[in-house]
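Only heavy atoms go into these numbers, but all of them, side chains included; no hydrogens, no water, no symmetry mates. Per chain, numbering begins at 1; letters A, B, ... match sequence-line order.
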Amino acid sequence: MRYAIYDTVAGIPKHKPLSLTERVDPSSTALLVIDAKASVTTGSAEQDNDTSLMPTMLERLRTLIASARAENILTIFVQSAHDPATPVIATSGRAGTEMAGVELVPGLEPDGRPSEIVVTKLQYGAFWGTEIDLVLRSNGIKTVICAGTVTEASVNSNARSAFFRGYFVVTAVDCCASFSALRHKRALDALRPFGVFVASNEIIDAWGNAPLTPRGWESEPKASRVLATLEERVAVEHTALVLINLQNDFCSEVGPNEHRRTAMIRQSLPRIASLLAWARQAQAKVFHVRSEFGMQTGGPAMQYDPLNQVCRPGSRGAEFAEAIVPDPSEIIITKHRDSAFADTELELLLRSNGIRTVLLAGMTTNCAIESTARDASARDFYVVVAEDCVATPDGDADLHWCSLRSLRLCCALVKPAQTIAAAWAIPQTRMGQ
Amino acid sequence: MLNSQQLTERVTPASTALVVVDLQNEFCDPNGLCAKSGDDISAIGPIVKNVIRLIEQARRAGVFIIYVQSSYDSPYLSAPLAEGRYSRRGAAGMCFEGSFGHQFVPGISPAAADNEAVLVKHRYSAFEGTRLDLLLRANGIKTLVMTGATTEMCVESTLRDGFIRNYRIILVADCVAAFLPDRDVASRELVARLFGDVVSLSDLVHAWSPFASADRSRSNQRLHERLAATDTYPPQQTALLLVDIQNDFCHEGGAVATNGATINAIKAAIPRIRALLGWARERRLKVIHAKTENNHLTWNVGAPCLSASTSDGGSVSCISAAESSPRGEIANDLGNLCNSGTWGAQLIDNLAPEPEEELVIKRRHSAFTDTSLELQLRTAGIRSVIIAGFMTHGAIDSTVRDASSRDFRVTLAEDCVAAEDRHADLHAASLKSLRSHFAHVIPSSAVVGLSHSIDAAAR
């Protein structure tokens, strides 16, 4: 099978069903309490809302939160911004019932304990424009439990987004409600493909039966998750070699480089080919990222301007350089901005396959390599730059060296290809010491 | 309900995209996986004919058309997605690249034109991990006309994500369908209530008919016009973004200086930043203060810290840059910079935000990483950002690159950014890289001088 190495993560088939106990494991589960605000009990002046579902739901939610507290489970209170004139909502012209009034239900607000945090959203969905994903990924969270109001709006949007980002989603089905039984039922029907529904008492029971383990947000497990050495970081099961811009326009002496001295680029190409061969031998995952700057995708910055004639779609300059031929099992990603993360599927691929370290090689050091390295560390991947496998035209050699120094300071290990390959050769048994 | 004039304005071809979701054999053909695993596809066929008619009208009017194509090969599957798919269909993958199921149904034939694009997606939402937002930005799109299948799954997931990114949503009732008719109805009613407007095929055909003879090359010119216009943004489209002007970075008693760095260049920049801020306030630009603040729940591999184990122990770094040393030692670096609630994390004196100015708390080097910054800028209609603050080769460099890749026009006030004195060369190299690729790098006196042209543009 072409993509067989992608069927499993850490040896486990991706489609393996989880038991409830595994799914809501307290060490890697977060509870999202969404818009549990006082106004849900009174409804809104704007519409004849039916609030009859709310009291029972709030009672169950209170019990679930109490249990999460007893179990020391990370709990995120997702609330809407207070300002009713928030421009996002003004723009949309649809403030809707649930945006009005944000005071939390008494007893359902965070009480300052270290396992709780408030995230303020400006919209139904909190997975764009807030730090909710950063909090989840920073605390070893694999499962998100969704609870709160209202089922068809914020609960539904956030359950969908969490699911798309790769979290297992559990909807605490009796801890959500809407302003009518029909809306609630329809919202649950629509939510069914996005994770599973579990009643709060079953979640609480599963927590009670779980062995007592440190929680992912606590400092000890956080410290133990740190990959300290180069060997640990580039272990093949969680490392992706990301090759960038190995296209004629960046690597050959025709096109934009025609009148430039390119000794550094030429010397780097055989080393990149070796690194790729070693990565294949070690069975690391390999992603080839290519640039395309065309009419459809132009932007205000100069290098995205299609008139620049660099990597025009369909051109010879946009083709992969001869020295580097992607294998059919390797993934090709097309980017239209400098960083390989900008508006591409790269992060989705890395997260879907348990990748923790991004190993970078390609062109050019101070542009796409540095932008991608910065973006990777911002997304909490370890970054290793293969220092002799990145280059600039010779005239920018000073920028190449300064860029590597900045990366060393701000976000990456910078190591020669042979050192990285040596790290791949060490026996598995010595990893993690 | 929209009247026909409102609809015509909302779907004006120059700023509207027709989005056709997942009209692939896998979902629509009797031999596709959905029909074979028991889904009732009978409602899909009739709407395909309507979508084809709408595409023809969109082409005549020069509307941008995006054909969304699902592809669920195993590299792109997350465990939760694979698990759910497997339990329902007995197969984790579908729409395999190159397969019959992956192909569009007959009649859905993207043209090789600058205003048509095929967008491959790997989640139900076409915004998740794709270039959709980039395509919309690059082509000046403000309104999404949503069609395809299935209504409550991929169409609704996509339009929910479009809505939170401030796109106007138009759902075409007779151009969407689901396997279960009641789900289709419920989704359409929900969209009408919360996310946008629900119209019919004939409403749109009518709205686009005045444009039916549009010269299609017009759309190619749009990009050039937009690019040419980027030098003169009026004040209401310009923001000043101040980054990391906090005690830990700029004060002799802060973490950077007490770790042994001299910070004369940083201190020298502060009066100039203050003057720039004064100018921005006078001109009533939108002002945003971004500051780093971390706590035990936000620390992770990329969180800024002072790492003893990098090549330069007193500099701002993160765990990802920490050289091989014991795990505990590296983990100790977390939390030694700009901790929530500390004096070091506070903005320096005399640079506090005014009540109407925005404060963005960031957890990583870039002010865009997992913050509300982009949402706030887009919502306020900002297209041009002036940036100042610290450190040039650290947070500033990351923030400028992110702003540029999100298609904001960036101006960097070069005498209002700085780094530790020992990194004067990195400061200079960073400015050189940013100048040649990402930003207009000019002295603050020139930024202030720009206000003349800004004012002229406003008149």
Side-chain angles (χ1 to χ4, degrees), chain A residues 3 6-7 14-15 17 87-88 91 96 117 123 125 128-129 131 134-135 138 152-153 157 160 163-164 166 168 186 190 217 223 226 228-230 295-301 303 331 336-339 342-343 345 348 352 366-367 371 374 377-378 380 382-383 399 402 406 408-412, chain B residues 73-75 77-80 82-83 86 92 114 117 123 125 128-129 131 133-134 138 152 157 160 164 166 186 190 194 223 230 297-298 300-302 310-312 315 317-318 320-321 324 327-328 330-331 363-364 366 369-370 372 375 379 393-394 398 401 404-405 407 409 426 429 433 437-438:
Chain A
Y3 290 133
Y6 291 98
D7 290 343
K14 283 182 181 172
H15 66 260
V88 179
T91 306
I117 187 169
Q123 262 293 2
W128 198 70
E131 63 188 15
L134 180 142
V135 172
S138 296
E152 74 273 22
S157 281
R160 286 179 195 236
F163 183 74
F164 300 150
F168 288 100
R186 283 175 159 189
W217 59 269
V226 167
T229 64
L230 177 69
M295 282 303 302
Q296 278 188 346
T297 57
Q303 77 268 34
I331 309 291
H336 307 288
R337 294 290 178 267
D338 212 52
S339 163
D343 301 274
E345 63 274 37
L348 177 153
S352 298
N366 62 319
C367 289
S371 293
R374 286 174 182 272
S377 83
D380 297 311
Y382 291 91
V383 186
L399 297 182
C402 284
S406 287
R408 243 186 209 114
L409 287 177
C410 300
C411 61
Chain B
D73 289 85
S74 62
L77 288 183
S78 64
E83 181 207 33
Y86 198 80
D114 277 332
R123 295 292 181 266
S125 165
E128 194 68 45
R131 60 184 184 133
D133 190 68
L134 180 143
E152 84 285 13
S157 292
R160 280 177 183 262
I164 67 171
N166 291 355
L190 182 65
L194 295 183
L223 174 65
T230 51
L297 293 181
T298 62
N300 200 355
V301 175
T310 54
S311 52
D312 185 336
S315 286
S317 178
C318 68
S320 174
S324 305
R327 207 181 312 280
I330 293 182
R363 315 297 193 180
R364 300 292 179 263
S366 166
T369 304
D370 297 272
S372 63
L375 176 64
T379 300
H393 61 290
S398 290
R401 286 170 192 259
S404 167
S405 76
D407 297 335
R409 165 84 180 172
L426 298 183
S433 284
H437 293 95
F438 304 101

### Query
Which atoms of Arg408(A) come close to chain B, meaning under 4.5 Å heavy atom to heavy atom: side chain ones, backbone ones, both, or neither?
both
### Query
Between Ala378(A) and chain B, which part of the residue has a heavy atom less than 4.5 Å away: side chain, backbone, both or neither?
both
### Message
At a heavy-atom distance under 4.5 Å, which candidate from Ser372(B), Pro80(B), Gly129(B), Cys318(B) has the highest pair count against chain A?
### Response
Pro80(B)
### Message
Heavy-atom pairs under 4.5 Å with chain B: which of Gly125(A), Gly166(A), Ala412(A) has the most?
### Response
Ala412(A)
### Task
Tell me, for Asp73(B) versus chain A, whether the close heavy atoms (under 4.5 Å) come from the side chain, the backbone, both or neither.
side chain
### Proximity breakdown for Leu190(B) and chain A, heavy-atom pairs closer than 4.5 Å
side chain
### Task
Could you tell me whether the side chain of Arg131(B) reaches within less than 4.5 Å of the side chain of Thr297(A), counting heavy atoms only?
yes
### Message
A side-chain contact here means heavy atoms from C-beta on lying under 4.5 Å apart; do Arg123(B) and Ser352(A) qualify?
### Response
yes
### Message
If you compare all heavy atoms of His437(B) against all heavy atoms of Ala301(A), which two are closest, and at what distance to 0.1 Å?
### Response
O-CB, 4.0 Å
### Message
Is it true that Ser74(B) and Asp7(A) share a donor-acceptor pair across their side chains at a distance under 3.5 Å?
### Response
yes
### Task
Side chain from CB out, backbone as N, CA, C, O: work out which of these in Leu409(A) comes under 4.5 Å of a heavy atom of chain B, or both, or neither.
both
### Message
Counting heavy-atom pairs under 4.5 Å with chain B, which one of Tyr3(A), Trp128(A), Phe163(A) comes out on top?
### Response
Trp128(A)
### Message
Shorter than 4.5 Å, heavy atoms on both sides: which option in Gly328(B), Ala429(B), Ser433(B) has the most such pairs with chain A?
### Response
Ser433(B)
### Flag, side chain of Gln296(A) to backbone of Asp114(B), donor-acceptor distance under 3.5 Å
yes
### Query
Taking all atoms of both residues into account, what is the closest heavy-atom pair of Arg401(B) and Asp338(A), and its distance?
NH1-OD2, 4.1 Å
### Query
Quick one: of Lys14(A), His336(A), Glu131(A), who has the most non-hydrogen atom pairs under 4.5 Å with chain B?
Lys14(A)
### Task
Among the options Ile330(B), Thr369(B), Asp407(B), pick out the one with the most heavy-atom pairs lying under 4.5 Å from chain A.
Asp407(B)
### Task
Ignoring hydrogens and angles, tell me if any N or O in the side chain of Ser320(B) forms a donor-acceptor pair with the backbone of Cys411(A) under 3.5 Å.
yes
### Message
Quick check for you: among Arg186(A), Arg160(A), Glu345(A), which has the greatest number of heavy-atom pairs under 4.5 Å with chain B?
### Response
Arg160(A)
### Query
Are the side chains of Arg374(A) and Ser366(B) in touch, meaning some heavy atoms are under 4.5 Å apart?
no
### Message
Looking only at heavy atoms and a cut-off of under 4.5 Å, which of Thr298(B), Leu297(B), Asp133(B), Leu426(B) has the most pairs with chain A?
### Response
Leu297(B)
### Query
Taking the side chain from Arg160(B) and the backbone from Ala153(A), do they hold a donor-acceptor pair closer than 3.5 Å?
yes
### Query
So which part of Ser406(A) gets closer than 4.5 Å to some heavy atom of chain B, the side chain, the backbone, both or neither?
both
### Query
Which one of Pro17(A), Ser157(A), Ser339(A) has the most heavy-atom pairs closer than 4.5 Å to chain B?
Ser157(A)
